[in-house]
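Encoded as structure tokens, the structure appears first; notes follow it.
We use all heavy atoms of the structure for the numbers below, so side chains are in, but hydrogens, waters and symmetry mates are not. Start at 1 with the first residue, then count along the sequence. What you see is a predicted model; the values in this text were computed from it and never measured.
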Amino acid sequence: MAQKTPAGGFQVVVVGSANVDLEVRVPRWPDPGESVVASDSERFPGGKGANQAVAAAKAGGVPTALISAWGADADGGLLEDFVSAAGVDTRAVRTVDCPTGMAIVMVDPQGANVITVVTGANARVDLSDGDLELIADSRVVLAQLEVPVPVVERAAAAAKAAGTIFVLNAAPTANLPPELLKNVDVLVVSQLGARELAAQHFGMYPSDDASLLRALQRLVPSVVMTRGGEGSVVAQAGQDTEVVRVLPVEPVDHTGAGDTFNGVLAARLSDGATVGEATRAATAAASIALTRPGAGPSIPTAREVALALATGQIPPAA
Ligand code: RIB
């Protein structure tokens with residue numbers, strides 16, 4: 001992937017949400033109208049933007065900035081501490097007069113989750129002139145869809161104009177205008193999200209991965225399609241499709257594993273790695289995150305990721 005000459009700015013700029021997660025462990029998903037009793041509840045720092053920024057910053061000291069918003073409340077303080085402790089620059093995070101975003105996360109005994117996000121301050125994420133400069137001065141911009149899509153669209157346009165690599169993690173699923181997609185260099189999307197995009201843009205519902213990837217490559221040059229326990233598939237113009245497997249793991253909690261993947265992918269791309277190389281590091285990091293509870297606290301260090309890549313095994317917790 002073409003690498004910009006090192007600039008004075010940050011290697012990675014993340015545009016995205018910040019939430020406090022209320023995570024409850026349930027024996028099974030409740031049916032509509034039914035109550036289930038949770039064995040446990042915990043509050044964790046989270047939100048796709050904050051998680052991905054922390055994952056990028058922890059991936060070997062990559063200078064990372066976050067463009068986000070939180071409230072002037074205790075949850076905002078918790079998130080500020082979480083991202084700052086990882087070395088993420090928070091000067092472009094707005095403190096706004098509405099509550100910090102929140103997510104209600106149900107986790108089942110297999111570690112799978114169901115998440116409801118209360119948008120709160122994330123609806124107020126916006127880009128100032130200074131933020132646009134931050135984007136232009138960076139090597140990689142990474143965004144997701146828990147903040148307003150027009151903001152993501154402006155970030156992508158600013159990145160494109162400056163020759164900055166723009167990575168879009170298309171989660172949660174949303175309608176994505178062609179004006180946004182034309183500025184995306186790398187699209188990271190789940191299999192389900194990929195089907196939605198193919199339906200939105202081509203009115204087609206391919207059931208096999210090869211047709212899905214062919215469809216998405218009409219929209220963006222590089223696609224990384226994540227397939228849960230089956231790992232991911234990397235599809236790039238003019239190259240063979242590559243399958244990257246997850247490491248052998250007993251998942252404890254899937255929350256934050258996808259964000260770890262995206263943050264590490266962006267960090268490695270900002271170091272000049274190919275999409276395939278970056279995906280292998282991202283997969284090792286996400287595999288480790290699967291073995292730990294919570295979103296923010298599950299994000300591994302660069303050393304743990306290096307060990308996992310070298311041995312093909314999950315390293316013992318530090
Ligand atoms: O991807 C996991 C994240 O999604 C959680 O931390 C939650 O806050 C939601 O944004």
Kindly say whether [Y] contributes a backbone atom to a donor-acceptor pair with the side chain of [X] at under 3.5 angstrom?
| X | Y | value |
| --- | --- | --- |
| Ser232 | Thr226 | no |
| Glu277 | Thr274 | yes |
| Asp21 | Glu23 | no |
| Thr164 | Ile135 | yes |
| Ser68 | Gly16 | yes |
| Thr291 | Ile288 | yes |
| Arg268 | Ala278 | no |
| Gln200 | Leu176 | yes |
| Asn262 | Gly258 | yes |
| Thr100 | Asp75 | no |

Same apolar cluster (I L V M F W Y, side chains within < 4.5 Å links), [X]/[Y]:
| X | Y | answer |
| --- | --- | --- |
| Phe166 | Leu219 | yes |
| Val20 | Val107 | no |
| Ile67 | Val152 | yes |
| Val62 | Leu309 | no |
| Leu290 | Leu265 | no |

Checking side-chain polar atoms at under 3.5 Å, does [X] have a donor or acceptor matched by the opposite partner on [Y]?
| X | Y | result |
| --- | --- | --- |
| Ser138 | Gln11 | no |
| Ser128 | Asp131 | yes |
| Asn19 | Asn122 | yes |

Determine whether [X] and [Y] make a side-chain contact, defined as any pair of heavy atoms from C-beta on separated by less than 4.5 Å.
| X | Y | result |
| --- | --- | --- |
| Val105 | Leu22 | no |
| Val186 | Val184 | no |
| Pro148 | Arg124 | no |
| Pro99 | Met102 | no |
| Leu187 | Ser222 | no |
| Asp137 | Phe10 | no |
| Leu181 | His201 | yes |
| Ile115 | Ile104 | no |

Looking only at heavy atoms, which two atoms of [X] and [Y] are closest? And how far apart?
| X | Y | result |
| --- | --- | --- |
| Ala194 | Val189 | N-CG2, 3.4 Å |
| Phe44 | Pro293 | CZ-C, 4.3 Å |
| Val12 | Ala56 | CG1-CB, 4.2 Å |
| Pro177 | Val149 | CD-CG1, 4.0 Å |
| Pro315 | Ala308 | CD-CB, 4.0 Å |
| Pro251 | His254 | CB-NE2, 3.8 Å |

Take Glu80 and Thr90 through the side-chain hydrogen bond (donor to acceptor under 3.5 Å, both in side chains) test and state the conclusion after the steps. CA-CA 7 Å; Glu80 166 99 61; Thr90 60; 2.9 Å; yes
Using a strict cut-off of less than 4.0 Å between a Lys/Arg side-chain nitrogen and an Asp/Glu carboxylate oxygen, indicate whether [X] and [Y] qualify as a salt bridge.
| X | Y | value |
| --- | --- | --- |
| Asp126 | Arg154 | yes |
| Arg28 | Glu34 | yes |
| Lys58 | Glu304 | no |

May I ask you to check whether over 12 heavy atoms, not counting those of Asp129, lie within 6.0 Å of atom CG? no
Would you say Asp240 has more than 12 foreign heavy atoms packed within less than 6.0 Å of its CG? no
Supply the atom-to-atom distance [X] [atom1] to [Y] [atom2], rounded to the nearest 0.5 angstrom.
| X | Y | atom1 | atom2 | result |
| --- | --- | --- | --- | --- |
| Asn175 | Glu196 | CG | CD | 8.5 Å |
| Phe261 | Ser287 | CZ | OG | 9.5 Å |
| Thr255 | Arg292 | OG1 | CZ | 14.5 Å |
| Gln52 | Asp259 | CD | CG | 4.5 Å |
| Asn51 | Ser298 | CG | OG | 7.5 Å |
| Met204 | Arg195 | CE | CZ | 12.0 Å |

Option among Leu145, Val188, Leu142 that satisfies the side chain to side chain contact (heavy atoms under 4.5 Å, CB included) test with Leu168: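 Between Leu168 and the candidates, side chain to side chain contact (heavy atoms under 4.5 Å, CB included) is satisfied uniquely by Leu145.
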Report the C-alpha separation of Val243 and Arg227 in whole Å, then their side-chain angles, then the decisive distance to 0.1 Å, and conclude whether the side-chain contact (heavy atoms from CB on, under 4.5 Å) test is met. CA-CA 10 Å; Val243 175; Arg227 305 183 303 177; 3.6 Å; yes
Begin from the C-alpha positions of Met225 and Leu212 and carry the test side-chain contact (heavy atoms from CB on, under 4.5 Å) through to its verdict. CA-CA 9 Å; Met225 187 169 74; Leu212 252 185; 3.9 Å; yes
Go through the steps to decide whether Val275 and Leu269 satisfy the test side-chain contact (heavy atoms from CB on, under 4.5 Å), and finish with yes or no. CA-CA 7 Å; Val275 179; Leu269 289 176; 4.2 Å; yes
Go through the steps to decide whether Asp89 and Thr64 satisfy the test side-chain contact (heavy atoms from CB on, under 4.5 Å), and finish with yes or no. CA-CA 6 Å; Asp89 190 288; Thr64 302; over 6 Å; no
Sequence neighbours left out, what passes side-chain contact (heavy atoms from CB on, under 4.5 Å) with Ala121? Give chain and number order. Ala69, Val96, Cys98
